[in-house]
Structure formats: C-alpha cells, structure tokens
Enquirer: 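For reference, the structure I am asking about is given below.
Here the structure is a predicted model, which is why all the values come from computation and not from measurement. Chain naming here is simple, since letters A, B, ... match the order of the sequence lines and numbering starts at 1 in each.
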Number of protein chains: 2
Amino acid sequence: MDRIDRKLLNLLQRDASRTNAALADLVGLSPSTCLRRVRRLFASGVIAKVVAILDPAKVGKGLKAIVSVELKSHGEQEMRHFLDLAKAEPAVAQAYAVTGETDVVLILRLADMDEFDAFCERVFRDRTNVARFYTMLVIRTAKDETALAL
Amino acid sequence: MDRIDRKLLNLLQRDASRTNAALADLVGLSPSTCLRRVRRLFASGVIAKVVAILDPAKVGKGLKAIVSVELKSHGEQEMRHFLDLAKAEPAVAQAYAVTGETDVVLILRLADMDEFDAFCERVFRDRTNVARFYTMLVIRTAKDETALAL
DNA sequence: GCCGCGAATGCAATATTATTGCATGAAAGT
DNA sequence: ACTTTCATGCAATAATATTGCATTCGCGGC
C-alpha cells in the first residue's frame, strides 16, 4: 500500500466508473499495471465492493431521520434482538450500538412522515424493549460521503 | 421507471462491478437493452455515481463516532459557518443540521482516540460557536447500507 | 559495493465487453 | 384501422480489459 495505491483508492472512492486507461493516466501508470493494482486491492478486501449511489430525491426517499433509542433492558440478548429488528427494516440505512445515554442510533431514509409514523408504530411501540426514543429530522445535509479519508 | 428499472437499481446498488451481460441476464433483457436502461438511469441522475467502498478496518479507520452538537448561537450564519468547518474535516463522513435539542449531528470515521481528541480540540474547543457536544462511540455496526430501499 | 532474487512494470497480442445501426414489434393516441 | 413513438433484440463494430513476456527496479545477503 504505497502512495499510488492510496491515490487509486481516493480516485475510485469518488468515481469508480472510469475506464482503467483513464485511471492509469491519472496516476501515471500503464493500463496493465494499474489494473493489476486495482485487482489486488479488490482481492485483498481493501476495496470491499463497487456500488451505484442513487439520488434519494429522485427515487422518493427525500426524508432523512436520525433516531437514538434507549432500551428498557440493556443485556446482550435484548440488544441483539432489537438490532435484528431494526436491520430487517428497509428504511434503516444504518444501525449502531453506541456508548452514552442511549443504546442504539438509527439512520433512516424515508419517503415522508407517513412512512416515519408507520415505522415508529412498528419498531418502537409494539411489544418491544424500547424505553424511549429521540428523533432528529435532518434539515440540511452538509456532507454525506461514502469515501474514507486516507 | 418500471419494475425492471427498479430491479436494475437494486442490483447495481449492491454490486456495480458486474458486466452488462451478467446484469442483463439477471433482469431478463438483452445486453443492449439493459445497457441502454442503465445509461438512461445515469443520464437522468437517478444513479448519481458509481463508487468503490473500502473496508474501514483495512485502511486504519476502524473507529466510528456519532457526535451531536449544540451551538451557542443558532442563526443561519453561525450554522453555515460551523457546517463549513465540519465539512472541511476529513474525519467527518456525514454532517447534518437537524431538528431537536441539538443543532448538528456529525458522523466521524477515525483511526483511534488520539485522532478523536485532536479532532475535538480543533472543531469544538477553538474559537467556535459550540455550546456543548455529546459523543457516542460506535460499539457495534449492525447495518451500514449505501443502498436505498425501493 | 556487488550480486541475485522477487516483485513490479510496460508493451503488444488477445480476449472480453460495451456500444451502435437497424429492423421488428408493441402500445397509445387520433 | 392507421400513424407515431418508443422499447426491444440481433448482429456488426468499437472500445476496453486482460494476459504472456521481456525488462527493470528495489532490496537483502554476501
């Protein structure tokens, strides 16, 4: 993992739809060498996957919410159970067990408030283990990067 | 945007490294038609970009933190100023202005606690507008999807 | 300091894959 | 029923990725 690999990763994290030749040019390598490096980064798992990122607004998922959840019972079993429940929800983009006053933070991507309402009904009110939850609706997205800083 | 487009989007959101022929096969179209659809989704902006997703652990960014921030002064100017400050930080993966008791939520990706310490020093302590901030370290990542549910 | 070893490189040939022209067929409106 | 429009599949073509091979580079042992 030298300087060129890092350069490749930075480029691919922002745009992986480039041709190998274009990529090679940007890092100053021949296409074959460049390709071999990229494939090595893939094979070693440094590059986990290549995916398409959609525009949320254009597919009717313009509403984002961050919800922190406090569970009634904090044991491992209950925690796992709740996380599994959350994981199964399509609206849940990210689910984390965290330190601090609350136990879990969820990041949701929804169509509208009706969908949020239905989500809460399903995940928080039902026969679950939730003591309280605190909702923060996203007003403005200043940054939303999939890229890691190297 | 019919059923097939949605199928394509779902597939591409999980793996965009497939060949067009493989993709065509999965949705039951000829390669040429399939490609034309994908290109249309690109051109219309539904697919915003195609990117490589790295394994955080393998590039030394194994620590994740969620920080909610309350500003001293809540005006538009101050808000924008703080968000710009946050945006400029490489460790900040996501930055949101939100409703609720706090004003901003940051999601950080860091190497270790030292980096977190340095980050706080820089962003929260300095001559900034921060009244208080509340840190939640991520213990377990149950879900971390870039894909939107369609 | 020199030698030898393994890994990385670039070139060129080859194999894969994407892309386009074209003709056909289906659906919507007149 | 007729026209227009648009999506489709096929086949030819263009672009791109991939591999074999000879060369060079960097590095540790001698």
Enquirer: Round to the nearest Å and state the distance from B/D2 atom CG to D/dT8 atom C1'.
Expert: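 After rounding, the reported distance stands at 13 Å.
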Enquirer: Residues of residues 10-31 of chain B with any non-hydrogen atom less than 4.0 angstrom from an atom of DNA chain C: list those, numerically ordered, please.
Expert: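 The stretch gives B/T19, B/N20, B/A21 as the residues lying under 4.0 Å from the strand, ordered by number.
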Enquirer: Expressed as a whole number of angstroms, how long is the span from B/L35:CG to C/dT20:C1'?
Expert: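 My rounded result for the distance is 10 Å.
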Enquirer: A/V69 and A/T102: which non-hydrogen atoms are nearest, and at how many Å?
Expert: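 Heavy atoms of A/V69 and A/T102 come nearest at O-CB, 3.5 Å.
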Enquirer: Report each atom pair, protein N/O against N/O of nucleotides 22-24 of chain C, whose distance is under 3.5 angstrom.
Expert:
none

Enquirer: Excluding sequence neighbours, so at least two apart, what forms side-chain contact (heavy atoms from CB on, under 4.5 Å) with A/E101?
Expert: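 Checked A/E101 against side-chain contact (heavy atoms from CB on, under 4.5 Å); matches are B/Y134.
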Enquirer: Could you pull out all residues at least two apart from A/R132 that satisfy side chain to side chain donor-acceptor pair (under 3.5 Å)?
Expert: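 By the side chain to side chain donor-acceptor pair (under 3.5 Å) rule, A/R132 matches A/E70.
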Enquirer: When you get a sec, tell me which of D/dG9, D/dT18, C/dG10 is the closest nucleotide to the side chain of B/T33?
Expert: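 That would be D/dG9.
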Enquirer: Calculate the interatomic distance between B/R3 atom CZ and D/dA7 atom P; express it in whole Å.
Expert: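 That distance rounds to 17 Å.
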Enquirer: Taking only residues at least two apart or on different chains, which pairs with a member in residues 95-126 of chain B satisfy ring pair (Phe, Tyr, Trp, His ring centres under 6.0 Å)?
Expert: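 As it turns out, the ring pair (Phe, Tyr, Trp, His ring centres under 6.0 Å) pairs with a partner in residues 95-126 of chain B, which skip direct neighbours, are B/F119-B/F124, B/F124-B/F133.
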Enquirer: Salt bridge or not for B/R37 and B/D5, using N-O below 4.0 Å?
Expert: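 Yes, charged N to carboxylate O under 4.0 Å.
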Enquirer: Whole angstrom is fine here: how far is it from CZ in B/R37 over to C1' in D/dC6?
Expert: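 Nearest whole value for this atom pair: 11 Å.
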Enquirer: Does B/K143 use its side chain to pair, donor to acceptor, with the backbone of A/K87 at less than 3.5 Å?
Expert: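 Yes, B/K143 side chain to A/K87 backbone: donor-acceptor pair under 3.5 Å.
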Enquirer: Starting at atom CZ of B/R40, determine the distance to atom C1' of C/dT19, rounded to an integer number of angstrom.
Expert: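 The answer, rounded to whole Å, is 16 Å.
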Enquirer: Without placing hydrogens or testing angles, list every side-chain donor-acceptor pair under 3.5 Å for residues 105-113 of chain A, not counting sequence neighbours.
Expert:
unit_1, atom_1, unit_2, atom_2, d
A/R109, NH2, A/D144, OD2, 2.9
A/D112, OD1, A/D114, N, 3.2
A/D112, OD1, A/E115, N, 3.0

Enquirer: With rounding to the nearest 0.5 Å, note down the distance linking SG in B/C120 to CZ in B/R125.
Expert: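 Those atoms lie 6.5 Å apart.
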Enquirer: Rounded to whole angstroms, how far apart are CZ on A/R39 and C1' on C/dA8?
Expert: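 Rounding to the nearest Å, CZ of A/R39 and C1' of C/dA8 are 17 Å apart.
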